[in-house]
Every structure is written in structure tokens, then in C-alpha cells.
Amino acid sequence: MLDPQQRQTYLAAMGIAEWVPRNAPALTPADALPPSPAAALDWAALAAAVATCERCELHRGRTQTVFGVGHRAPQWLVVGEAPGREEDHLGEPFVGRAGQLLNAMLAALGLSRDEVFIANILKCRPPSNRDPQVAEITACAGWLARQIELLAPQIILCVGRIAAQSLLGTPSSLAKLRGQPHAYGPNHIPVVVTYHPAYLLRSPLEKRQAWQDLLLARRVLAGEQ
Ligand code: URA
């Protein structure tokens, strides 16, 4: 669960201004992290900055950063959690078993990997695939925020609880976040939340629900929802 300070830190790092009641107690930043340098960067400069990023401790254990892959002006942006072992080795998101299922989910929508963009909340692999920590998410958030500005997708599909909570700046459960569209950023890009493909590999019965999420996303994109 995010406490109010964590929530504000996430939102600020993602470039989202949050409405705060006038009499709310002032919150201090979680740590002395310098502001993200991502804001003014073009795509090439952003990729270069991510490749040498040392904003959190995860840089020490990585083989390489995993920037993201796909179409540079996509309708669909898929946001996952963080690179795993194979992604860390190959420098590309979702290339392992979960990635194969993600490809199949996209194919079911008539989409290939090349026509969407795929990125993660974190650009570096957490050790032993543990959950990302708040400080890591906060340190990394500006990179994805700038990617989203430059990509300007028409819909964002968040796969998994951590991707959804981090992108939307909310502690709500996956169960609460699924089933209705959300909005991201000043342009209110629609966001639909579904299960992480790694979870679906462990719980194949939930694939039916995931398909409903994908259909919701397709309706939202078509302006029908
Ligand atoms: N899981 C993710 O969330 N992202 C990847 O890139 C791979 C597995």
C-alpha cells in the first residue's frame, strides 16, 4: 500500500499534479533524489540517458538497461513491471515465457509486437526478480513519463498490479483497478489494467478475465466505452 507521501512522490515523478486540500499537512519528499533529467530529452537522448542511469542501486546488478521496444508512434503502449533475467540479458522487455504469452494476447487483438510499444515501470532488473521498491519506482518514473509524452499512445495497457499502481499513482488493488478505464497524464490517455502474463501462466483460468480486459481496451480505443 502507498502512503500519502509515497503517492505524492510517484505522482510528482510521473509529472502528474495532484489536487491537495488547502489545509492538508505539507509532505516532504521521500528522499533527496535529484529531479528526473528526462523532461526535455528527445528519443535518442532519452535512450542514451536511460542506458547510463545510476539513479538507484539497481544499476549495480544489471547487465544492461531495458528501455522498451516497438513502434515509435503506437496506438497501444503496454506497460509491465520490470525486466527479468532474460530481458536483462537481451535488453528487450517481455522476451521470456511471460513475453510469449503477452505476444499471444496482442495477437488475439490482431496486434503484432512491432505495432505496439512495450516498456516497463523499471528499466533495470531487480535482484532475484523481487518486487520493485518504492525508491526504485520513484527514481525510474521520469523515464517512462517522458517515453509516454513522446510516444503519445492512444491507449495504455498496464499488465499487473505493480505496473498499474505505479502508473496510476494509486494503492488500489488489481481487482479494483480492472474492469473500467482510467486516465493518465494531462492528455487523459485511457489506461486499462489487466493481469500480468506471468500470473496468467500460473493461473490459466484467469485468461478468460484477461480477455475481457483486452476487449474493454479495444472498446475504449474505439471510443465505445
Ligand atoms: N515481466 C515484466 O513485467 N516485464 C518484462 O519485461 C518481463 C517480465
Side-chain angles (χ1 to χ4, degrees), residues 10 13-14 46-47 50-51 53 56 58-59 61-72 74 76-109 111-141 143-148 151 153 155-170 173-174 177-178 182 184 191-204 206-207 209-210 213-214 217:
Y10 276 165
M14 299 297 297
L46 185 64
V50 167
C53 177
C56 80
L58 291 182
H59 76 274
R62 73 184 177 217
T63 306
Q64 59 194 310
T65 56
V66 177
F67 184 64
V69 71
H71 203 287
R72 289 274 309 282
W76 293 73
L77 168 65
V78 178
V79 177
E81 182 178 318
R85 190 169 56 87
E86 283 143 303
E87 289 78 17
D88 171 74
H89 278 165
L90 292 174
E92 185 170 328
F94 283 102
V95 290
R97 278 187 70 222
Q100 284 168 22
L101 180 53
L102 178 63
N103 293 347
M105 291 162 74
L106 293 172
L109 287 169
L111 296 167
S112 71
R113 249 177 107 90
D114 297 343
E115 61 192 298
V116 308
F117 197 89
I118 306 174
N120 283 311
I121 294 293
L122 293 191
K123 307 301 187 206
C124 296
R125 181 193 181 201
S128 313
N129 296 344
R130 65 153 169 73
D131 281 356
Q133 294 173 355
V134 170
E136 294 157 358
I137 295 172
T138 306
C140 216
W143 302 132
L144 181 60
R146 183 62 179 153
Q147 282 181 303
I148 296 174
L151 292 167
I155 190 155
I156 301 174
L157 181 69
C158 268
V159 298
R161 174 182 66 83
I162 289 180
Q165 290 179 337
S166 306
L167 194 79
L168 297 170
T170 174
S173 66
L174 189 75
L177 292 172
R178 287 185 51 248
H182 307 269
Y184 170 84
V191 177
V192 169
V193 175
T194 191
Y195 295 109
H196 194 287
Y199 170 77
L200 293 174
L201 288 171
R202 297 191 300 273
S203 308
E206 303 288 10
K207 286 184 188 172
Q209 298 299 321
D213 299 333
L214 299 183

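Owing to the predicted nature of the structure, the values given are computational and were not obtained by experimental measurement. Counting starts at 1 for both ligands and their atoms, following the listed order. All residue numbers refer to positions in the sequence shown, counting from 1.
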Below 3.5 Å only, please: the N or O atoms of ligand 1 paired with protein N or O atoms, distance on each line.
unit_1   : atom_1 : unit_2 : atom_2 : d
ligand 1 : 1 (N)  : His196 : NE2    : 3.2
ligand 1 : 3 (O)  : Glu81  : N      : 2.8
ligand 1 : 3 (O)  : Ala82  : N      : 3.4
ligand 1 : 3 (O)  : His196 : NE2    : 2.8
ligand 1 : 4 (N)  : Ala82  : O      : 3.0
ligand 1 : 4 (N)  : Asn120 : OD1    : 2.8
ligand 1 : 4 (N)  : Asn120 : ND2    : 3.4
ligand 1 : 6 (O)  : Phe94  : N      : 2.9
ligand 1 : 6 (O)  : Asn120 : ND2    : 2.9

Practice task
Specify the closest pair of heavy atoms between Phe67 and Ala119, including all atoms of both residues, with the distance to one decimal.
Solution key: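 Minimum heavy-atom contact is O-CB, 4.2 Å.
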
Handout entry: Distance-minimising heavy-atom pair for Gly80 and Asn120
Key =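 Where Gly80 meets Asn120 most closely, the heavy atoms are C-OD1, 3.1 Å.
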
Problem - Residue pair His196 / Val159, side-chain heavy-atom distance below 4.5 Å - result: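 His196 reaches Val159 side chain to side chain.
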
Problem - Option among Arg62, Arg125, Arg130 that satisfies the salt bridge (charged side-chain N to carboxylate O under 4.0 Å, His left out) test with Glu136 - result: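 Answer to the salt bridge (charged side-chain N to carboxylate O under 4.0 Å, His left out) test with Glu136 among Arg62, Arg125, Arg130: Arg130.
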
Practice task
Using atom types as modelled and distance alone, determine if a side-chain donor or acceptor of Asp88 lies under 3.5 Å from a backbone N or O of Pro83.
Solution key: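 The answer is no, because no donor-acceptor pair under 3.5 Å joins these two groups.
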
Handout entry: Polar side-chain atom of Glu87 near backbone of Gly96 as donor-acceptor pair, under 3.5 Å
Key =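 Indeed, once roles are kept as given, a pair shorter than 3.5 Å links the two residues.
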
